[in-house]
Chemist: 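Questions regarding the structure given below will be posed in turn.
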Amino acid sequence: MPVAGFGTRFLPATKAIPKEMLPIIDKPLIEYAVEEAVNAGIEEVIFITSHTKVAIENHFDSNFELEEKLSRNNKHEFISLINPEKYKNVRFTYVRQKSQKGLGDAIAHASHLIEDEAFAVLLADDLIFSEESCLQQLINIHENSGLSVVGVNKVSKEDISKYGVINPSVEEDRNIFVNDIVEKPTIENAPSDLAVVGRYILDSSIFGYLKRVSEDKSNEIQLTDAIKLMLEEKKVLACKYFGKKFDCGSKVGYVEATLFKALKDESMKDMLKKYL
Ligand code: G1P
């Protein structure tokens, strides 16, 4: 999970706390992503982080003092929230990315920890609500095919330039073979309306391709460019996942996600509907 970005769009809120710690109601964005991974059976979470992100390390560590206090005050229901049972067997590892050199560079920082396995990439900004999680849907496809898989969804023309966009080939059962992939194309150059969402299952050979990628005009190494190189030698699948995605890297997406979640919460929805 790359979490080294500055979160400029949310300043001043993100001056002293990481953007991934912004909550959707009562849970930080990063925890939604970690839950999605852990619920899908992932046992090691590697954060590619930076010096401004210690709050994330603390969040996934135990807080003995707080637990003690909650326990003494008979507030046991909160203990499971701050120290969930399901994280007990999960290893959290932190690798510092010293300079902001893009998503591809961030992922490359985990190469020594991953070795020869397929692994998942989750971008916490993309919050997806669905019955079967988006990551689980990708994992199912990877398990059947052995291939790298990227999550995609349709986006409108005006928004296409914000994303990696695939050139799709044949579609079978919502799975599409990817012919090509382009990072943030202009509207005119977009090969389709299928944008990559922040969920990937990647073959470890991606690290070799990442080494061959040169910096783009913003001096960043793009993961998309490494996938493009991978496509010259390997097949890659795209999954049109089922689910509702919110771009929590934007203020509108963040507020929409908050409302979506709140309107599903029995304790809040009636009051909120009245207000809205
Ligand atoms: C990154 C990827 C892009 C992808 C997007 C999904 O872009 O580079 O290909 O479509 O995440 O959220 P970013 O949002 O970091 O600019």
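These figures come from a predicted structure and were not determined experimentally. Just so you know, ligand 1 is whichever comes first in the structure, and atom 1 is the first atom listed for that ligand.
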Chemist: Mind telling me whether F10 and Y254 have parallel, tilted or perpendicular rings, with 30° and 60° as the class edges?
Modeler: perpendicular

Chemist: So, applying side-chain contact (heavy atoms from CB on, under 4.5 Å) with I221, which one of L210, I107, D216, L103 is it?
Modeler: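 Answer after filtering L210, I107, D216, L103: L210.
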
Chemist: Identify whether NZ of Lys or CZ of Arg in K53 sits under 6.0 Å from the centre of the six-membered ring of F47 and within 45° of that ring's axis.
Modeler: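 No.
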
Chemist: Of all the atoms in ligand 1, which lie at a distance below 4.0 Å from a heavy atom belonging to T224?
Modeler: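 The list of qualifying atoms is 9 (O).
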
Chemist: Between E183, K162, K184, which one has a non-hydrogen atom sitting closest to atom 16 (O) of ligand 1?
Modeler: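 The nearest heavy atom belongs to K184.
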
Chemist: Provide the number and element of each atom of ligand 1 under 4.0 Å from a heavy atom of L123.
Modeler: 11 (O)

Chemist: Within a reach of under 6.0 Å around CD of E131, are more than 12 heavy atoms found that belong to other residues, nucleotides or ligands?
Modeler: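 Count not over threshold, so no.
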
Chemist: For atom 14 (O) of ligand 1, is there a protein heavy atom at a distance under 4.0 Å?
Modeler: no

Chemist: What residues, two or more places apart in sequence or in another chain, satisfy ring pair (Phe, Tyr, Trp, His ring centres under 6.0 Å) together with Y209?
Modeler: none

Chemist: Contact between ligand 1 and G198 is defined here as a heavy atom of the residue under 4.0 Å from a ligand atom; is it met?
Modeler: yes

Chemist: Provide the number and element of each atom of ligand 1 under 4.0 Å from a heavy atom of D126.
Modeler: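 Near D126, meaning under 4.0 Å from one of its heavy atoms, ligand 1 has 6 (C), 12 (O).
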
Chemist: Within ligand 1, which atoms have a heavy atom of G164 less than 4.0 Å away?
Modeler: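 Those of ligand 1 that fall under 4.0 Å from G164 are 3 (C), 4 (C), 9 (O), 10 (O).
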
Chemist: Residue-level breakdown please: for V196 versus ligand 1, do any non-hydrogen atoms fall below 4.0 Å on the side chain, on the backbone, on both, or on neither?
Modeler: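 V196 to ligand 1: contacts from backbone and side chain alike.
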
Chemist: Does NZ or CZ of K273 fall inside the cone over Y275's six-membered ring, less than 6.0 Å from its centre and within 45° of the axis?
Modeler: no

Chemist: Hey, would you say the Y94 and F60 ring centroids sit under 6.0 Å apart?
Modeler: no

Chemist: Any atoms of ligand 1 less than 4.0 Å from a non-hydrogen atom of Q222? List them with their elements.
Modeler: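 Contacts of ligand 1 toward Q222, numbered from 1: 8 (O).
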
